[in-house]
Amino acid sequence: MIYNNHILLTYNNIYRAVDKCGRMIPVPYNSIVCAAAGGGAREPLFRNPSSSASVYLLQFNCNRRRINTNNRRNNNNNFMDSNNNMRTESYLRHVDSRKLMPNGAGHIPHLKAVILGEALASEEDDLVLPSKEFSDQANVHSPEQYMEMYKRSIEDPDGFWSEIASQFYWKQKWGEKVCDENFDVRDGKIKIEWFKGGITNVCYNCLDRNIEAGLGDKVALYWEGNEPGLDGSLTYSQLLNQVCQVANYLKDIGVKKGDAVIVYLPMINELPITMLACARIGAVHSVVFAGFSAESLAQRITDCKPKAVITCNAVRRGTKPILLKDIVDAAINDSAKDGVSVDVCLVYDNPVALKREDTKWTQGRDIWWQDVIPKYPSTCPVEWVDAEDPLFLLYTSGSTGKPKGVLHTAGGYMVYTATTFKYAFDYKPSDIYWCTADCGWITGHSYVTYGPLLNGATVLVYEGVIYFKTEIYCNLFICMMELEKMNPTDFEIELISLSIGSLVDAKKFKAIISRRQKLSPGLSVIKAPNYPDAGRCWDIVDKYKVSIFYTAPTLVRSLMRDGEAVRYLYALMFTVYLCAIDLRINAFGFWIRYVTRYSRKSLRVLGSVGEPINPSAWRWFYNVVGDSRCPISDTWWQTETGGFMITPLPGAWAQKPGSATFPFFGIQPVIVDEKGVEIDGECSGYLCIKKSWPGAFRTLYGDHERYETTYFKPFAGYYFSGDGCRRDKDGYHWLTGRVDDVINVSGHRIGTAEVESALVSHPQCAEAAVVGVEHEVKGQGIYAFVTLVDSVPYSEDLRKDLILTVRKQIGAFAAPDKIHWAPGLPKTRSGKIMRRILRKIASRQLDELGDTSTLADPNVVKQLIEFSDS
Ligand code: 6R9
């Protein structure tokens, strides 16, 4: 199969060849591809009738690459300063090596290296190129066009961003300065201001402006319910009407510009509607993910002292109703103890999940949404705000127990989310866009609500949970066969229900579970996301003809694994219990049938966010979900950054599976060493950003000092992201995960300190240390070392109780995957816990424990290892 310059690429039986422009072309199975020094063709040169193989002739130029490599070396030499440190003053160093690559990125060494999937080339050398058709129609279609725009964005940020900002509506243009910043703690207080003095309104720009431009009848929001068949849609005009009604109501109850409103809603249209209504009247929304516990919600209420809390009586997750209003009640009670009272609680009535009459009610405080909102006028004047007035607060985990209120302001955030959305997803007005994130996280703010609506896009809002954690498949087997006979513990049932999703026709299973639930009413079972089955995503994609699909690696990985489970189940059923089981027919499929039985033809661009996407998940997403047609935008960014920072521009350059590639316009990422010295060229270190960008957060609510200490003091002169990063020889960025005490579970940020403080609140827990461990599906899992108070014995019940405590205090997503009994914790003589050692023990890298002699009691490590398997 391999001729001359080895240009046939195969992966998972999907064959690609590279044409003379360096672009991938699909080659039918059983083809032979050969390279030649002259001429090239996309049509087969000849077909071999006996083997059905075709021969393609392609061409590329090897010499050019050699010249490029030399260029890069020379350039690197220029990076050396007088102290022999790798430095450069050139602002283009972030993309330096990129520009040396030929157009279309004909990366020859890569071509020599592959047969992918068999003898795997180094990930670094694995280039996946956009098709010519895609690049030709893309908003940014070549590395040159990107370079030109990037250069301008860095050399003349004021000009670059004010040109873009002018496309929005400003009641009054901004003042003299487009950007005013102090990014260096050594020069005084950190300050970031963009478009200050400009008067605008983000809601007006999302809705009124688009309606005036003729989009009134375009669908703004499609809504797909958790229950198949439950759906709806709102045009831009209808959305504006509803937003105005809520805005009028909020004004009526006394919510004014600058007041906070807490929103604790599931993914129903009322969530973006409420966010936009707040923006319309200048109120500051703080959306709390409706998976957070009462304690976490109370903490946020106490911090921002909202004028109102907006919630919903209940929501269905899979088949299970979650009583959100009960959680809000408990939170309001809690915050009242801290002296913060909530006068109004607006409750959306969701009869699919809970009857009105079954909802607990506090007269005088609680009001049904449906009883009041429709009575308000559907027009509402806009409250014009300064670009630097706050738009929203979003709490995020930090390395201490107290969550941080990340504050974003109106003008810069508006301009930045709109621009990043347009370019990173190559947005076109005909697109149907679906982001699976919940509005409780930043992705739902920037890329479900504001970014797409500012572009006049059609957005799909999906109520269901599509992340699912397929944990323990042998339990699935047990559950199917023997559940009643074996009388499993509640915890086992919970695991089973997590695993089972709806791989099997769960009728019988559910009957058993409900019997069990009657026996133990507290039992929480059946999360069953991807309800009713693992193909739901693609069913939705086909139903709405979704063209841009943006999700998290955790979903991609779980779908990959789900397939394997089906295969496992399939074999098991046939060999052992075929007749005994009532299995749904479609479980007997090939392992990717949950994807491939749907067309997915409408898909054009895929996106990934929340955590590093491992190359194999990337390839599966690309090859199976995207049929090897759709570029993937692996977008690196944070709650704090407001929008994408490092991201592919899908039509512009070749991607490397697992790399977020290059910086967005106006972003100068730098990699620094421990001393804060910038490193150039190929390197790894701490990822920082030089200079501000319009979407940057302006402060931590009520705690500017913590803002400076956390983000600007670790490396003076830079914003410190908290992430590690590697830059490869071609200038591609590879995010390596958090370097601080934050764990990223299924794309959700959880501070180790938050989990620890929940654990030690248990009366029998003396001390706890939490670390992240690699997890096949969730990216990272939570591993807790727990020391009990004297004389309390270890027990299974206590273990469950500790997990329950964390679920109650933070939320189910923060529950530890493993509790490791720890008679003692490894501490330095000054009492600092050596997490490095705990991480190694947790990941069973026992031969890499390193020097333990500095510990106050080195024996602790031996004990911990002994307890590993207990
Ligand atoms: C948008 C969001 C931020 C942290 C961030 C990093 C991780 C996000 C990533 C990624 C690698 C990507 N992260 N996107 N890591 N590749 N494409 O998730 O915000 O919840 O604040 O989390 O998530 O570690 O520091 P947030």
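Counting from 1, the numbers follow the sequence of the chain as shown. For the numbers below, each heavy atom of this structure counts, side chains included, while hydrogens, waters and symmetry mates do not.
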Close side-chain approach of [X] to [Y], heavy-atom, < 4.5 Å:
{"X": "Leu759", "Y": "Ser761", "answer": "no"}
{"X": "Thr436", "Y": "Tyr550", "answer": "no"}
{"X": "Pro826", "Y": "Leu838", "answer": "yes"}

Ignoring hydrogens and angles, state whether a donor on the side chain of [X] or [Y] is under 3.5 Å from an acceptor on the partner side chain.
{"X": "Asp634", "Y": "Trp618", "answer": "no"}
{"X": "Thr635", "Y": "Thr647", "answer": "no"}
{"X": "Glu640", "Y": "Tyr707", "answer": "no"}
{"X": "Gln655", "Y": "Tyr622", "answer": "no"}

>> I'd like to know if the side chain of Gln764 and the backbone of Val792 have a donor-acceptor N/O pair within less than 3.5 Å.
In response: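 Checking the backbone N and O of Val792 against the side chain of Gln764, no donor-acceptor pair under 3.5 Å is found.
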> Would a distance-only check, ignoring hydrogens and angles, find a side-chain to backbone donor-acceptor pair under 3.5 Å from Ser659 to His733?
Replying inline: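 Confirmed, Ser659 side chain pairs with His733 backbone.
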> With Trp636, which residues qualify under ring-ring contact (aromatic ring centres under 6.0 Å, His included), at least two apart?
Replying inline: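 By the ring-ring contact (aromatic ring centres under 6.0 Å, His included) rule, Trp636 matches no residue at all.
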>> Could you work out, with ring-ring contact (aromatic ring centres under 6.0 Å, His included) as the rule, every residue matching Tyr395, not counting sequence neighbours?
In response: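 Partners of Tyr395 by the ring-ring contact (aromatic ring centres under 6.0 Å, His included) criterion come out as none, since no residue qualifies.
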>> Go through it in stages, so that I can follow the logic: the residues are Lys840 and Glu848, the test is salt bridge (Lys or Arg N to Asp or Glu O under 4.0 Å), and I'd like the CA-CA distance, side-chain angles, deciding distance and then a yes or no.
In response: CA-CA 7 Å; Lys840 296 286 176 200; Glu848 293 173 27; 3.4 Å; yes
>> Just to verify, which of Val771, Val760, Ile750 counts as forming a side chain to side chain contact (heavy atoms under 4.5 Å, CB included) with Val755?
In response: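 So, applying the side chain to side chain contact (heavy atoms under 4.5 Å, CB included) to Val755 and each of Val771, Val760, Ile750, only Ile750 qualifies.
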>> Would Asp680 and Ile671 count as a side-chain contact (heavy atoms from CB on, under 4.5 Å) here? Give the steps.
In response: CA-CA 7 Å; Asp680 274 299; Ile671 298 180; over 6 Å; no
> Hey, does the Lys NZ or Arg CZ of Lys656 hover above the aromatic six-ring of Tyr732, less than 6.0 Å from the centre and inside 45° of the axis?
Replying inline: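 Judged by the rule, Lys656 and Tyr732 form a cation-pi pair.
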> Glu756: what forms a salt bridge (charged side-chain N to carboxylate O under 4.0 Å, His left out) with it, not counting sequence neighbours?
Replying inline: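 Glu756 satisfies salt bridge (charged side-chain N to carboxylate O under 4.0 Å, His left out) with Arg835 once adjacent residues are dropped.
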> Between Asp723 and Val739, is a side-chain contact (heavy atoms from CB on, under 4.5 Å) present by the stated rule, with each step listed?
Replying inline: CA-CA 5 Å; Asp723 277 349; Val739 293; over 6 Å; no
> Would you call Glu611 and Lys778 a salt bridge, using N to O less than 4.0 angstrom?
Replying inline: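 Lys778 and Glu611: not salt-bridged.
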